[in-house]
Structures are given as structure tokens and as C-alpha cells.
Amino acid sequence: MKTSFLFGKTTRETPSEAQIRSHQLMVRTSMIQSVASGIYSYMPLALRSMQKIEHIIREEIGNAGGQEVLLPTLHPVELWESTGRSEAFGDNLFRTKDRRNRGLVLAPTHEEVMTNLVKFNISSYRDLPIILYQIQTKFRDEPRPRAGLMRVREFDMKDAYSFDINSEGLDVSYQKMKQAYKNIFSRCGLSTIPVEADSGAIGGKDSQEFILPAESGEDLVLSCPNCEYAANVERAEGTIPSPPTQDQLPIKEVATPNQKTIPGLCKFLNIEPINTLKALFYTADGEIVFVVTRGDLEVNEIKLKNLLKVSDLRLANNTEVENKGLIAGSAGPMGIKNIKLVGDSSITKGSNFVIGANKHDFHLLNVNYERDFVVDILGDITKTEEGHGCPSCGGTLKEIRGIEVGHIFKLGTFFSEALGCLYLNDKGEQLPVHMGCYGIGVGRLLAAAIEQNHDDKGIIFPISIAPFHIHLVSLNTEKEEVVHQSNALYKDLTQTGYQVLYDDRAESPGVKLNDADLLGLPIRIITSNRNFNNDCAEVKLRNEKDSKIIPIKDISATIENILQTTG
RNA sequence: CGGGGCGUAGCGCAGUGGCAGCGCGCCUGUUUUGGGAACAGGAGGUCGGCGGUUCAAAUCCGCCCGCCCCGACCA
């Protein structure tokens, strides 16, 4: 491809709307163009990269036994109502109607329609297991699209689904897919960590996300430097610090004028947050619940939601709190009636806590769990933080920010039961299939790859997903013989089978070299008057500092050698 | 949905009531060619939209729309 022919131009300046590096670089290289918030056009360079990613995905999912299909984007809304997910997705679902006023949705994912497809094409355990996948555009009306391709409203996703006769079979499919995912990311030249993830509203046993570490990532992972443990903060179950046990002292009421926060209270009483219990009020599916946790810890709302088995959870507003007669700032779990009390297990670790006295500007000292109060539900609802203990080996957990580039998930029988995707076993019994689902966002993966592979000059593409292998940059285009010989080299490299972007423009050397750095193709070949005078060209790798002067006749062998060693 | 910011040429921005501007990019010509060249000439604008105030509005007021960031939300 000649640069003079390539659709799209590089820009020197970054549009102000692009904040993160991958977004800036993708706009400056003319890979993508924004059409509306969270909606992008993909231009030739981006598309080439995405097609390479898709090719790797197809090979690896194929190796794992997956067969490719293509499902519709428009689904009848009834299909989504039959699993309750029309309501569950709510406003995230793009909805439309056809001319006969029938409700349709633009699919955000494809469990329903895939399960439905399989339902009509299996009948016996002999038909299973099956893994099907597609690469398909998804639509989600995200509340806040952001960060270029990281979170968008229309995006291409590889989604795979496994169908097995039982949970043991599902385990096997899941492991195959997990391995396929590892292969995909490593072939894309990316380092990712598999982390335990929350399994969300559908439930299901296992769920892992593949996180690509990056400062700009939306996800927070707690990871153990000493062992393999890593979990999304939504799910992480680190061990919390325990204060030394003390003899339980008698309760004492103290005046605490205007002390409504844990830090203020601690300063006033000269104690540490770990010596306090804090009260939070949530509205859980419409019911007010009183949540108590140790003062040094935060509540993990996902864990709370799972513990309470509710679908809608938010902090209660002032009116709701006051209507229940609760006194924010001085609320405590002692003497609470007619309100569900939920406690984090941390409240049993420690003694002689300070709690609110349920009386304005008063707190109680020396309150102990069981002796002085009990909760209706006790469980782990703590947000694990850096410094907490690793649940697996006892090491100290570290926080890592990252981008979720893949998610694998055991669904169990939720969809097969709801949609009647059943098979007959060898005893003639009718049973629901056990499903798993496995997603990779293609555009997000590309953005994440750039987020992980760039410097201050531009992208540094891993060769497996670079839009071209070689950037042939011809300087001195004013010299006819240089043009002639560059053309010949371009033709030669292309015929050998390399994908070459040939910068044949009559631009100044600075412009062309900076553009080459910006786009970041892995191998650069520079032709110029002075090199051709010696029958040489210059070869430089984007991720290396120095270049080599190579005789033209040896260029092919040099490139071949580079490709062999870099994969 | 809450908080904040922004909207003026393709991009980056200046312009607080009186002729719509600058830099980059773009077009033409001449020169130039190893790290974003020089000179000369040129094209390009419903100043996000609607309404109001005013002799006069990019500028002041009101409403709306869009975009970005933080949070909420997010299979």
C-alpha cells in the first residue's frame, strides 16, 4: 500500500476530546473517527489490525473446537423478556420497533438467540458438547461511553458459547477456552493476567477476566506478588487486618459534638478507624437496610448485593434515612429495630468499638459484637484494598489497574432452563444443557494493545497485529533514481509476501520519519539518496533505538530473519 | 442521573458589545530534501441551535442540543 493512496492522513495535533494515549494515537494516525459519543468509524489501518486480531481469534477458538456462526443483530424483544433480561438490561438495551409495531432490540450480547439456535439443533447427549462462536457487532447504550474504543456503544465482539451435558463437561469446555484465551493474547503480543471476577446477576460458579495492566484501565485488580492469586476488586476476598484482642470493657456514652465522620470522630477521641464501627444505609430493592462495617474498611457494594440477593442497590438518600428515624452521623447498630441489620464479618474482629449512639452528637464506647448487639445477616462485604492479606497464600495484596479485554464465564443452566434447551441423556431423561460464555472485544483489544505498546512518539505495534509488517520510507523523492529503486524494492518485498506500507510522498524527511514513528509499524526500511549510492537501505525496528545499513540484496534475508526471531 | 469543563475554519486555539482572527493543515507557483522546510499568492465560517435584550451580539440573558472528564451505572 502506498501512503499516497492510503485513505486517511496523520495529524500533528490531537483533538481535545481524546484524553488517553490509545485514543489520541488512533485519531492522529487516522485509524478511527468519532461519529457520535461512543460510536466510531474504523478506517483502513484500524480495520487491518482488527482483522488480524480476528484471524488469531478464529484460529485459536477453532483449535479449541469452536465453530463459527453468524447470528442476527435484531432480536424480537419477546426473546429477551423470556429470560427476564429485557428488564435486567433496562436502559442499556437499544430498543426499536418494526413497521408492524413489533418490539425489537439491537443485541448487546447473544446468549438468548444462541441458546435458541442450539435448542432446535440438538436432542441427545450424543450431540454434545458444542462450542459455537461469532464475531458480531453489539449494541449497548452505555451510560457513559469513554476513552476512545475502551467503552463504546457499538462494538465488535467475539462471543463464544459452550454447551455441555453437565458441569463436569462445562469445566472441560471452560478450561479449553481459557487456554485459547491465553494463546490469543500472547499471540497478539500482549501480556494479560487472568483474574477472578464477579459473576454478576446471572450467577454461575466461575468467572474470570483477562486484564491487561494499564494506568488508564477501568478495572482494579488485587494481585498477590507471591502466588497466582489475582481478583477483580468486585470479587477479591483479601484477609483484613485484625487488631489485638482486649478485655471487653463496660459501655460508656460520650458527647461527640459535630463529629459525623469517621476521621473527625477518630481525631476527636484520639483513636484509630479500626477501633470504630461505621453505619451506612442502603436501599436494596426498595427496602432500607442498615449496614455496619469496621471503620477502617469500605463496603464492596457488589458483595453486599450478592449477600442480600437483590438486583437494585444504592445508598439511601437523606429523606429515606430520616423517615426511618435513623440519625446519620450518630447511627449505631445497638437498639435498632424494624430495619434489616447487615454486618461485615470485620465487626467480629476487634473489641471495644466506638459506635453511634442513635442520638445526635453522642457515641458509645466499648461496644462488642454479640455481647451488645447482633446483626440479621453477617458476611464478607468488605472492599479488599492494597495491603490486605492474600486469601490463598497470606502474602500482601497489591493493586493493579487494568483493562478487561476478555471475560470467560460459567453460565450453568440459567438460559437453557429459561429457553428449554434440553437434551436426553442415556437413561432417556430430559435435562438442561450446561452453558459457558466467552467474550473478547476486538476494538477494545486493539486500543488496549496500543495502551500497552507506545512511547512518546507513537505506537509500537506488536508485529502480529500491526496493520503492515514493514514501513518502507523513501526519502529524497526528488531524485528519480531513488524513486525508481524504492519502487523496485517495494515491488520486491510485496511479491515476497510482506505487507508493506510504502511512504512514497514528496514530503520532507522529518515529516515522513515522524509519521513512521507515530504509526509504529514494527520494521522500518529507509531508502535515500545516500543509501542507494552504496546500494544499501537502512533497516530499523520500531522498538529498537539503532538502525542497520543493509545491502539491498540482503534486505529480504534480513527481514526474514527478523520475522523468524520476533515471531 | 449528579458534579465539572467545553462548543469560533479540517485540527489546535485567541477573541467581554462595534469589520471574524492566529498557528497548523489545505490549494497554486518557485526554491528546498536525513527528524514536523522557506517565500509569495489563495481557498475555507449559518461563531452548536432557537428565542430574548440592544442602534448593534461570537460576546449579555433564557431554553435546548452536542462533546469530554469525575462519579453513579456497566455480563
Side-chain angles (χ1 to χ4, degrees), chain A residues 8-20 23-24 27-28 30 33-39 83 85 88-93 107-112 138 140-148 150-153 155 157 159 161 197-204 207-209 216 218-219 232 234-235 301-302 305 311-315 317 404 406-411 414-415 435-441 444 457-458 473-479 482-483 503 505-518 524 526-533 537-538 540 547 549:
Chain A
K9 283 179 184 165
T10 58
T11 63
R12 293 192 189 191
E13 296 194 89
T14 308
S16 56
E17 64 176 39
Q19 306 282 328
I20 68 164
H23 188 196
Q24 294 175 341
V27 172
R28 285 193 55 202
S30 209
Q33 183 168 305
S34 154
V35 173
S37 181
I39 302 174
T83 54
R85 292 214 301 172
F89 262 90
D91 287 341
N92 264 27
L93 207 52
T109 175
H110 285 74
E111 283 79 5
E112 279 84 355
K138 314 280 185 185
R140 294 182 190 176
D141 197 356
E142 292 287 345
R144 182 150 89 86
R146 73 187 99 182
M150 291 297 177
R151 181 164 292 277
V152 288
R153 296 193 292 171
F155 57 99
M157 183 171 173
D159 51 322
Y161 305 85
D198 179 62
S199 49
I202 304 307
S207 168
Q208 283 173 306
E209 292 167 345
S216 59
E218 292 183 294
D219 290 86
N232 192 303
E234 295 175 350
R235 166 71 184 267
E301 294 184 3
I302 307 250
K305 206 166 158 177
S311 59
D312 182 46
L313 182 81
R314 59 174 173 82
L315 278 170
N317 62 39
E404 177 192 345
H407 197 163
I408 60 176
F409 209 102
K410 288 184 185 172
L411 294 170
F414 179 88
F415 290 96
M435 292 174 56
C437 81
Y438 316 90
I440 294 178
R444 182 187 281 184
K457 284 180 164 293
V473 181
S474 166
L475 309 180
N476 309 113
T477 48
E478 77 287 358
K479 305 265 190 232
V482 175
V483 172
D503 192 345
R505 297 173 301 168
E507 290 285 350
S508 74
V511 169
K512 299 174 95 164
L513 293 171
N514 278 304
D515 272 354
D517 286 337
L518 182 66
R524 182 180 316 168
I526 300 171
T527 57
S528 67
N529 197 36
R530 77 181 189 208
N531 283 332
F532 271 135
N533 286 340
E538 187 174 321
K540 182 184 174 298
S547 56
I549 309 290

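Heavy atoms only: backbone and side chains are in, while hydrogens, waters and symmetry mates are out. Letters A, B, ... are given to chains in the order of the sequence lines, protein chains preceding strands, and every chain is numbered from 1.
Residue A:E404 is classed as having no contact, given no heavy-atom separation below 4.0 Å to the nucleic acid. Among the heavy atoms of the strands lying under 4.0 Å from A:A147 are primed sugar atoms or P, OP1, OP2 only; no base atom is included.
Considering only side-chain atoms of A:P15, the nucleotide from B:rG35, B:rC73, B:rC11 that sits closest is B:rC11. Comparing B:rG36, B:rA72, B:rC69 against the side chain of A:P143 picks out B:rA72 as the nearest. The side chain of A:R12 sits closest to B:rA37 out of B:rA37, B:rC74, B:rG35. In this structure, the nucleotide among B:rA37, B:rG35, B:rC68 sitting nearest to the side chain of A:K457 is B:rG35.
Legend: residues meeting side-chain hydrogen bond (donor to acceptor under 3.5 Å, both in side chains) with A:S30, ordered by chain and number and at least two apart, are absent. For A:R28, there are no side-chain hydrogen bond (donor to acceptor under 3.5 Å, both in side chains) partners two or more places apart in sequence or in a different chain. Under the ring-ring contact (aromatic ring centres under 6.0 Å, His included) criterion, A:F155 pairs with no residue, sequence neighbours left out. For A:R12, there are no salt bridge (charged side-chain N to carboxylate O under 4.0 Å, His left out) partners at least two apart in sequence or on another chain. Considering only residues two or more places apart in sequence or on other chains, A:S34 meets the side-chain hydrogen bond (donor to acceptor under 3.5 Å, both in side chains) condition with none of them. Partners of A:V482 according to the side-chain contact (heavy atoms from CB on, under 4.5 Å) rule, which considers only residues two or more places apart in sequence or in another chain, are A:S474, A:N476, A:K479, A:S486, A:N529, A:F532. Legend: residues meeting salt bridge (charged side-chain N to carboxylate O under 4.0 Å, His left out) with A:D219, ordered by chain and number and at least two apart, are absent. A search for salt bridge (charged side-chain N to carboxylate O under 4.0 Å, His left out) contacts involving A:K305 returns nothing, not counting sequence neighbours. In this structure A:R151 satisfies the salt bridge (charged side-chain N to carboxylate O under 4.0 Å, His left out) test together with A:E142, A:E218, sequence neighbours excluded.
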Steps toward side-chain hydrogen bond (donor to acceptor under 3.5 Å, both in side chains) verdict (A:S547, A:E538): CA-CA 6 Å; A:S547 56; A:E538 187 174 321; 3.0 Å; yes

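Counting all heavy atoms, side chain and backbone alike, A:V473 lies closest to A:A516 at CG2-CB, 4.1 Å. Of all the heavy atoms in A:T83 and A:F414, the pair that sits closest is O-CZ, 3.7 Å.
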Strictly under 3.5 Å: I want the nitrogen or oxygen pairs between protein and nucleotides 32-34 of chain B, one per line.
from: B:rU33; atom 1: O2'; to: A:N476; atom 2: ND2; distance (Å): 2.6
from: B:rG34; atom 1: N7; to: A:S528; atom 2: OG; distance (Å): 3.4
from: B:rG34; atom 1: O6; to: A:S528; atom 2: OG; distance (Å): 2.3
from: B:rG34; atom 1: O6; to: A:N531; atom 2: ND2; distance (Å): 2.6
from: B:rG34; atom 1: N1; to: A:R530; atom 2: NH2; distance (Å): 3.3
from: B:rG34; atom 1: N1; to: A:E538; atom 2: OE1; distance (Å): 2.7
from: B:rG34; atom 1: N2; to: A:E538; atom 2: OE1; distance (Å): 3.0
from: B:rG34; atom 1: N2; to: A:E538; atom 2: OE2; distance (Å): 2.9

Show each protein N/O and nucleotides 39-50 of chain B N/O combination with a separation under 3.5 Å, one pair to a line.
none

Quick one: which protein N/O atoms are closer than 3.5 Å to N/O atoms of nucleotides 2-10 of chain B? Pair and distance per line, please.
none

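When each of A:R505 and A:R153 is assigned the nucleotide of RNA chain B with its nearest heavy atom, A:R505 is the one assigned upstream, toward the 5' end. Both A:K540 and A:E301 sit near RNA chain B, but only A:K540 has its closest nucleotide nearer the 5' end.
Spacing of C1' atoms, B:rA57 relative to B:rA20, comes out at 13 Å, to the nearest Å. Distance noted for atom C1' between B:rA14 and B:rC50: 27 Å (whole Å).
When the side-chain nitrogen and oxygen atoms of A:K305 are compared with OP1 and OP2 of B:rC74, one or more of them lie within a distance under 4.0 Å. Between A:T11 and the phosphate of B:rG12, there is no side-chain N or O to OP1/OP2 separation shorter than 4.0 Å.
Look at B:rC26: its Watson-Crick or wobble partner, with both distances under 3.5 angstrom, is B:rG42.
With hydrogens and angles left out, the side chain of A:E13 and the base of B:rG23 share a donor-acceptor pair within 3.5 Å.
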